[in-house]
Amino acid sequence: VRVVEGEFMGENLRIGVVVARFNDLLTDELLSGALDCFERHGVERVDVVKVPGSFEIPLAAKKLAESGKYDAVLALGAVVRGETKHFDLVANEVAKGVANASLQTGVPVIFGVITVEDELQGLNRAGIKSNKGFEYAMAALEMANLMKKLK
Ligand SMILES: O=c1[nH]c(NC[C@H](O)[C@H](O)[C@H](O)CO)c([N+](=O)[O-])c(=O)[nH]1
């Protein structure tokens, strides 16, 4: 049996990050966790693109992916149901948009958008209990390295 999987080395990788400003109390934490992960794995170059909200992530993510300049793109956002009536609309559109950006370009686009009931749940995922940003960055590293093996 031959198992193919991506390692976590960051040397020679170029990663693009798209982060939404909406709920930046949470997304700033996700971003710092992701940047910490990339730095500690020796990623050579990380470019960060900021967008107003999660709904705008797919367009920016697709632009980065189709530029051919990145081995993987990480999408970071926080959709909080809380006061939002169109929580499901935003969350579903972002998930679909991120998946399409990846499939249409052949570049891994990691779905790092936390969808939570309220701010506290968000904070638990953005630093109190764990930092999902770091975890999503690991997925970006693994997929970037895996793609190089599948070429
Ligand atoms: O990233 C988010 N954007 C949100 N809305 C903004 C949306 O992403 C767009 O930026 C906006 O609709 C303009 O296109 C959110 N809510 O509506 O609650 C949210 O929870 N998270």
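- Counting only distance, with no hydrogens or angles, the side chain of Thr27 and the backbone of Ala78 share no donor-acceptor pair below 3.5 Å.
- Nearest heavy atoms, Gly53 versus Ala20: C-CB, 3.4 Å.
- Considering every non-hydrogen atom in both Asp28 and Lys50, the closest pair reads OD1-NZ, 4.2 Å.
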Please walk me through it: do Val80 and Ile114 pass side-chain contact (heavy atoms from CB on, under 4.5 Å)? CA-CA 8 Å; Val80 179; Ile114 57 173; over 6 Å; no

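- A distance of 6.5 Å separates CZ of Arg45 from CZ of Arg14, quoted to the nearest 0.5 Å.
- Linking ILVMFWY residues whenever their side-chain heavy atoms come closer than 4.5 Å, directly or via other members, leaves Tyr136 and Leu64 in distinct clusters.
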- Task: Please assess Val73 against Val17 for the test side-chain contact (heavy atoms from CB on, under 4.5 Å), listing each intermediate value before the final yes or no.
- Result: CA-CA 6 Å; Val73 175; Val17 181; over 6 Å; no

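- Linking Ile, Leu, Val, Met, Phe, Trp and Tyr residues whenever their side-chain heavy atoms come within less than 4.5 Å places Met138 and Val19 in a single cluster.
- A side-chain donor-acceptor contact under 3.5 Å links Asn145 to the backbone of Met9.
- Residues Phe55 and Val113 do not share a hydrophobic cluster, clusters being chains of Ile/Leu/Val/Met/Phe/Trp/Tyr side chains in contact below 4.5 Å.
- Both Leu150 and Phe8 sit in one connected hydrophobic cluster of ILVMFWY residues. Membership requires side-chain heavy atoms under 4.5 Å apart, directly or through other members.
- Evaluation of the side-chain contact (heavy atoms from CB on, under 4.5 Å) rule for Leu59 yields no partner, not counting sequence neighbours.
- With respect to Val48, the side-chain contact (heavy atoms from CB on, under 4.5 Å) criterion is satisfied by exactly one of Leu74, Leu76, Leu31: Leu31.
- Salt bridge annotation for Lys149-Glu7: present, with a cationic side-chain nitrogen under 4.0 angstrom from a carboxylate oxygen.
- The hydrophobic clustering, which links ILVMFWY residues whose side-chain heavy atoms are closer than 4.5 Å, places Phe111 and Phe22 apart.
- Phe38 and Ile15 get closest at one heavy-atom pair: CZ-CG2, 3.6 Å.
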- [ ] Would you check, one step at a time, whether the test side-chain contact (heavy atoms from CB on, under 4.5 Å) holds for Asp118 with Arg81?
- [x] CA-CA 6 Å; Asp118 54 42; Arg81 187 188 301 278; over 6 Å; no

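- Between Met147 and Gly106, the shortest heavy-atom distance links the atoms SD-O, 4.5 Å.
- With rounding to the nearest 0.5 angstrom, the CZ atom of Phe134 is 5.0 Å from the CZ atom of Arg40.
- Taking 4.5 Å as the limit, some side-chain heavy atom of Gln104 sits within range of a side-chain heavy atom of Lys62.
- A salt bridge links Lys148 with Asp71: the closest approach of a Lys/Arg side-chain nitrogen to an acidic carboxylate oxygen falls below 4.0 angstrom.
- For the atom pair CE of Met143 and CD1 of Ile110, the computed distance is 6.0 Å after rounding to the nearest 0.5 Å.
- From Asp24, atom CG reaches atom CG of Leu30 across 11.0 Å, with rounding to the nearest 0.5 Å.
- The distance from atom OG of Ser130 to atom CG of Asn124, rounded to the nearest 0.5 Å, is 8.0 Å.
- A 4.5 Å side-chain heavy-atom check between Thr115 and Phe87 finds at least one atom pair inside the cut-off.
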Could you pull out every donor-acceptor pair under 3.5 Å between side chains of residues 93-103 and any protein atom, sequence neighbours left out?
| residue | atom | partner | partner atom | Å |
| --- | --- | --- | --- | --- |
| Glu93 | OE2 | Lys96 | NZ | 3.2 |
| Asn100 | ND2 | Lys96 | O | 3.4 |
| Ser102 | OG | Val107 | O | 2.8 |
| Ser102 | OG | Val109 | N | 3.1 |

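- Minimum interatomic distance between Leu141 and Gly10 (heavy atoms only, all atoms of both residues): CD2-CA, 4.2 Å.
- Of all non-hydrogen atoms in Glu29 and Asn131, the two that sit nearest each other are O-ND2, 3.0 Å.
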Notebook entry, point to check: Hey, mind stepping through Val1 and Val3 against side-chain contact (heavy atoms from CB on, under 4.5 Å) and telling me if it holds?
Noted result: CA-CA 6 Å; Val1 172; Val3 174; 4.0 Å; yes

Report task. Apply salt bridge (Lys or Arg N to Asp or Glu O under 4.0 Å) to Asp47 and Lys69, showing your working. Result -> CA-CA 10 Å; Asp47 290 339; Lys69 292 195 295 187; 5.2 Å; no

